[in-house]
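Have a look at the structure below before the remarks.
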Amino acid sequence: MRIRRDKRDRLAGAGLEAYPVQVPITTTISAVRTSYPELPIDHQTGALVGIAGRVIFQRNTGKLCFATLRAGDGSEIQAMVSLAGVGEAALDLWKDIVDIGDHIFIHGEVITSKRGELSVLADSWLMAAKALRPLPVVHKPLNEESRVRQRYVDLIVRPQARQVARTRVATVASIRKSLDARGYLEIETPMLQTMHGGATARPFVTTSNAFDLQLFLRIAPELFLKRAVVGGLERVYEINRNFRNEGADSTHSPEFAMLEFYEAYADYRVMATITRELIQAAARAVFDSEQVTHPDGSVHDLSGVWPEVSLYEAVSTALSFEVTPMTPHDKLRSYCDAAGISVEPTAVSGKLVEELFEHYVIESFDGRPTFVMDFPVDTSPLVRDHRTDIGKVEKWDLYINGNEQATGYSELVDPVIQRQRLTEQAALGARGDAEAMQLDEDFLRALEHGMPPTGGVGLGIDRLLMALTGLGIRETILFPLVKPER
RNA sequence: GGGUCGCUAGCUCAAUGGUAGAGCUGCGGACUUUUAAUCCGUAGGUUCGGGGUUCGAGCCCCCGGCGACCCA
């Protein structure tokens, strides 16, 4: 650091800037590469260019210096700085000042070296931005903690880190394209909410000084997107952050990106199909295939129609005992106890069934994306009753690689039943359940104006990236939350 | 919340309880065709923090911090 500080200062002494406002580039590294795809060895083009990039390797041989410059898009080109090309003063300055990590401007002729490497033979060079800190060894991966703490360094040295960032963009772009093609509108709903709802989760709480008002960072956009459907925006979606005041692990982040989309006159089966097609289109957009390969070499087939299992049937099969919404609470609890599942004493029957499902069934999914169909009513206050099965609701969860990837509903639009359900939730909240929903009178008022039959889906963007790339959630998020050092 | 593993030089990693080391990086020097250049020389440490056991602790024990993985 100190030595590089001196170099920065020495530049000023030589009348040069360490951080000029501009350097006179005429083209980009990738443009030069594509313009001269196959030159013969030791060839001179006569073409003069001005390019800039970060020095990632240096090889100095006395009166001829080589440096590999890399641009932000990953394209690289060799710079050659020779005594004959730039003169003694500029060459000495190069050898004295330039370090790996610096951004450098090179002006000169596009040539190939005697080894055939496409190069720019400098007639002049400038510092574009001096790096004061050394880069880590480029050939070894950073440890995982440094990767997330100093993602900027990770991005510089690890091509895959840059690739993941681009994959994320491509995935989200694909989703937008798919939904836009179906006539969906992308809208933005409040992140700061006066009531928290739309999911069962503990919220972050904050305060508006101006309004002297307690506010919640949203745990879900659901109730606002439904208001939009009531208002006649009948196909809407939002891709944005949700916040949940809970722990972080390899599949959970306190802030995470979520897609929610709602379509009037659709039901949960229609939404399941759309969801599958969205994910398959994203896989094609990113990997040009519906088979995705993870870093461990495993191949995951996302193609075709995905299997469905009934929640209650799967639990019944696993227990060799028929479980239905009518199964007594005590019976379910004894099965949970027998399986060693610890459940809150206040847990409702539906919660016990879901716990049994997660304990016995999920691991049998063997990597194939699977829809789990028809959930208990008492854990799903925003979903409409099943059209034939009493005690169930029209809800599915999509699992990919054992992770909950998405959930879809036939939405509950009956304002009377919705009021009952939310009243029950508010009672749970009053009894101390920090995850219970609040009774949102304005949302109920919206439903009372008449909401068309609607299907809705929530899909975790970070989880989707995990499913496509096989990485942990903190690798899919560019700057995940990390606890402060020390 | 529980368990396992990890934290040592700028980076990646070594080191039976007995003088803290290597490679790369850095610094000085040589070299006009190198590709992680090479060669010669050289510097570099609060072993995550605190406490304990011991003649002696990077290593063993306890508490704490941060991270990864597994489980709930």
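A note on names: the letters A, B, ... follow the listed sequences, proteins ahead of strands, and every chain is numbered from 1. Since this is a predicted model, take the numbers as computed values, not measurements.
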message = Measuring only the P atom in each nucleotide, how far is G17(B) from G1(B)? A whole number of Å is fine.
response = 34 Å
request  = Measure the distance from CG on L352(A) to P on A72(B) and round it to the nearest whole Å.
outcome  = 16 Å
ask   = What interatomic distance, in whole Å, is found between P of C69(B) and the corresponding atom of U53(B)?
value = 38 Å
request  = Give a yes-or-no answer on whether the side chains of S30(A) and D73(A) include a donor-acceptor pair shorter than 3.5 Å.
outcome  = yes
query = Of all the choices, U32(B), U35(B), U12(B), which nucleotide is nearest to the side chain of A84(A) once you look at every atom?
reply = U32(B)
inquiry  = Determine whether D154(A) and R151(A) satisfy the following criterion, salt bridge (charged side-chain N to carboxylate O under 4.0 Å, His left out), listing intermediate values before the conclusion.
reply    = CA-CA 5 Å; D154(A) 186 34; R151(A) 184 69 82 193; 2.9 Å; yes
query = With nearest nucleotides of RNA chain B determined for K63(A) and N143(A) from heavy-atom distances, which residue corresponds to the more 5′ nucleotide?
reply = N143(A)
Output a table of nitrogen or oxygen pairs between the protein and nucleotides 2-7 of chain B separated by less than 3.5 Å.
none

P atoms of G23(B) and G64(B), separation to the nearest Å = 40 Å
request  = Please check if any side-chain donor atom of Q78(A) sits under 3.5 Å from a side-chain acceptor atom of S119(A), or the reverse.
outcome  = yes
No-hydrogen, no-angle side-chain donor-acceptor test under 3.5 Å, T476(A) and R463(A) = no
query = Is there a Watson-Crick or G-U wobble partner for C55(B) with both distances under 3.5 Å, and which nucleotide is it?
reply = G18(B)
inquiry  = Testing the 3.5 Å rule here: is there a donor-acceptor pair between the side chains of H43(A) and T112(A)?
reply    = no
key: Interatomic distance where CG belongs to D92(A) and P belongs to A30(B) [whole Å]   = 10 Å
C1' spacing across the pair U33(B) / G28(B), given as an integer number of angstrom = 25 Å
